[in-house]
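Scroll down for the structure; my scribbles are underneath it.
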Amino acid sequence: MSAQWVAELWRIGLSLLAALLIGLLMGYALLLICLVLALFLFVHLRALYRLDARLRHSKSYNPPDVDGVWGEVYYLFYRSQQRQRKRKKLLVSYLNRFKMMTKAMPDATVVLRHGSEIEWFNEAAQRQLGLRHPQDLTQRIDNLIRLPSFVAFLRNQNNSEPLEIASPDHEGMMLSIVVIPYGNDRRLLVARDVSQLHRLEETRRDFVANASHELRTPLTVINGYLETMADSPSDLAKTQWDSPVKVMYEQSLRMTSIVDDLLMLSRLETSPREIHREVVDIPSLIRLVAEEGRVLSGDKKHAISVEVDDSVRLRGNQPQLYSVFTNLIFNAVHYTPAGGAIVIRWYLTESGACFEVEDSGVGIAPQHIFRLTERFYRVDVGRSRDAGGTGLGLAIVKHILDHHDGHLTIESTVGKGSVFRSRFPLSLVQEATVTQWS
Ligand code: ADP
């Protein structure tokens, strides 16, 4: 208990005692005690009334000059008011700084609650996503930006890659979007302007496509002449030029393969994903490529076996799927020593269809596995060249699988062999087969 309260109690106690003594002397003890109590009641009620009036109307932060308990109450109230004022000032300065920061931010930022309802957005979001303040607050963002890819991206809670879309408000502007969940039901949507990167990427793509295209014709001519010279029965060809011409011919064939693969990649990058989809007889296609694999194996005499489920077909692009199968089967032949085993499988799983090539070849160390689908990435450049590889095969496979909503997984042990598995979604598996699972 504070000193003021002790003093107040003393004051009341002594006043009542004095009233009692004087009252006893005068014969009006009860009356005097009541008078003293009424006086105290009046004093405190008045102080309470003043405090109430001050709380309601006063803007002044200075405590009134009052003694006793009420003086202390006023002082404590004044102190808490001061603290609150400071806290408010601090909060306002934080808020102003936050506002300035979000205004300066080049990325569009939107706070979403309950899934996709807009709670807040910054100025960049108004410029890049075309959101209007305040009309669009509390609207669902997928009602304002109706691009199917954006709507699907927003629904999916496990997006590992950002989504690239054209800005709904700016022609030619490309946005890269990420959604980050936080708190209980909040999500932060951040959109970055990647138009410049996109243009650079386009320029790179065009350059590779044009360069490959331009190189193709002269290479065909050179190939033709070198082939004729290599096969020429003339004395000149049989003597000093025999071996250089053969090497030149081999190298020009290699260059042709690289140019063809680069062109294929360029086409995959620029063509729409669902180009020319049809029901493909995958089991027959696999058997055909396996036969080509046996021819390629030649003297190496690999044991190539095929285990396919004949009832499973796929809706897809036939030439592209042919390219996946040849790349994976020919790689197994190239990177498996003579006499090794290669098993080719095609089967249905609960989540889709799977094309698998298992070999007992050289295998791949774990640090290389996640880089194998990069262009020109090779574990052993010499071995790849000897095998006639371009370093582009698995990059092509990855692109084609992307086009079919599929993905590639690789398991491998050095010295033991590898399994390359291409998975295709159930949605592409022919319907007659899908019903087996339902
Ligand atoms: P390449 O034309 O060089 O074969 P790919 O893109 O097809 O190019 O393959 C990239 C690299 O992955 C190869 O250079 C090779 O090192 C490795 N690789 C691919 N398939 C196999 C396999 N079945 N066994 C071992 N290594 C492989």
Side-chain angles (χ1 to χ4, degrees), residues 208 212 215 219 250-269 286 289-298 300-307 319-346 354-404 406-423:
V208 175
S212 316
L215 284 172
L219 266 174
E250 272 167 28
Q251 290 306 313
S252 75
L253 282 182
R254 217 176 94 69
M255 271 170 75
T256 311
S257 307
I258 294 175
V259 166
D260 285 347
D261 278 359
L262 280 173
L263 270 174
M264 171 106 181
L265 266 175
S266 298
R267 271 197 293 270
L268 282 167
E269 280 178 334
I286 290 175
V289 183
E291 208 38 60
E292 291 174 10
R294 285 190 189 102
V295 174
L296 182 71
S297 169
K300 283 166 97 185
K301 293 199 171 27
H302 294 109
I304 301 179
S305 55
V306 180
E307 298 168 10
Q320 290 184 3
L321 292 169
Y322 174 76
S323 177
V324 170
F325 302 158
T326 45
N327 270 304
L328 296 183
I329 294 175
F330 291 3
N331 270 355
V333 172
H334 287 143
Y335 301 106
T336 302
I342 296 169
V343 187
I344 302 161
R345 298 188 187 92
W346 171 246
C354 190
F355 170 73
E356 189 176 289
V357 181
E358 182 174 355
D359 65 53
S360 60
V362 293
I364 307 151
Q367 71 269 26
H368 298 294
I369 289 185
F370 73 103
R371 297 197 59 189
L372 290 183
T373 51
E374 285 174 22
R375 285 152 203 230
F376 295 113
Y377 189 85
R378 282 164 280 191
V379 178
D380 180 337
V381 178
R383 197 197 292 262
S384 160
R385 278 208 187 119
D386 292 346
T390 60
L392 293 168
L394 292 180
I396 291 175
V397 169
K398 180 179 182 284
H399 263 85
I400 296 175
L401 291 181
D402 277 352
H403 275 225
H404 288 79
H407 65 273
L408 179 72
T409 54
I410 305 167
E411 284 166 22
S412 190
T413 313
V414 176
K416 284 201 166 161
S418 318
V419 184
F420 284 74
R421 208 168 276 131
S422 317
R423 294 183 185 280

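The residues of the chain are indexed from 1 along the displayed sequence. As the structure lists them, so they are numbered: ligands from 1, and atoms in each ligand from 1. Fair warning: this is a prediction, and the values are worked out from it, not measured in the lab. Quick note: numbers below take in every heavy atom, side chains included, and nothing from hydrogens, waters or symmetry partners.
- With contacts defined as side-chain heavy-atom distances shorter than 4.5 Å, the pair L401/H407 does not qualify.
- At a threshold of 4.5 Å between non-hydrogen side-chain atoms, the residues L321 and F355 do not count as touching.
- In summary, the atoms of ligand 1 found under 4.0 Å from a heavy atom of Y377, numbered by their order in the structure, are 10 (C), 11 (C).
- A donor-acceptor contact shorter than 3.5 Å is absent between the side chain of R375 and the backbone of A395.
- For a threshold of 3.5 Å applied to N or O pairs, the pair formed by G389 and ligand 1 contains no separation below that value.
- Nearest protein neighbour of atom 14 (O) of ligand 1, counting heavy atoms only, is R378 CG, 3.0 Å.
- Ligand 1 has no nitrogen or oxygen under 3.5 angstrom from a nitrogen or oxygen of V362.
- Of all the heavy atoms in S212 and L263, the pair that sits closest is CB-CG, 3.6 Å.
- Put simply, the side chain of S384 never gets that close to the backbone of D380: no donor and acceptor are under 3.5 Å apart.
- Below 30°, between 30° and 60°, or above 60°: for H399 and H403 the angle between ring planes is between 30° and 60°, a tilted geometry.
- Between T390 and ligand 1, at least one pair of N/O atoms sits closer than 3.5 Å.
- Annotation for A332 and V357: closest pair CB-CG1, 3.7 Å, computed over non-hydrogen atoms.
- The heavy-atom pair separating S412 from S418 by the smallest distance is OG-OG, 2.9 Å.
- Only the side chain of D359 comes within 4.0 Å of ligand 1, counting heavy atoms alone; its backbone N, CA, C and O stay farther away.
- Taking 4.0 Å as the cut-off, S418 counts as a neighbour of ligand 1 on heavy-atom distance.
- Residue contacts with ligand 1: F420 is included, with a non-hydrogen atom under 4.0 Å away.
- Interface of G393 with ligand 1, defined as ligand atoms under 4.0 Å from a residue heavy atom, comprises 5 (P), 6 (O), 7 (O).
- Looking at atom 4 (O) of ligand 1, its nearest protein heavy atom turns out to be Y335 OH, 2.9 Å.
- Using a 4.5 Å cut-off on side-chain heavy atoms (C-beta onward), L268 and I400 make contact.
- Regarding atom 6 (O) of ligand 1, its nearest protein heavy-atom neighbour is L394 N, 2.8 Å.
- For atom 8 (O) of ligand 1, the closest heavy atom belonging to the protein is G391 CA, 3.2 Å.
- At a 3.5 angstrom cut-off on N or O pairs, G363 does not count as close to ligand 1.
- Taking every non-hydrogen atom of I364 and a distance limit under 4.0 Å, the qualifying atoms of ligand 1 come out as 25 (C), 26 (N), 27 (C).
- When the heavy-atom distances from atom 12 (O) of ligand 1 to V414, L328, L372 are ranked, the shortest goes to L372.
- Between L372 and V379, some side-chain heavy-atom pair lies under the 4.5 Å cut-off.
- At least one N or O atom of N331, backbone or side chain, sits closer than 3.5 Å to an N or O atom of ligand 1.
- Nearest protein heavy-atom neighbour of atom 3 (O) of ligand 1: S384 OG, 2.6 Å.
- Minimum interatomic distance between L408 and S422 (heavy atoms only, all atoms of both residues): CD1-OG, 4.0 Å.
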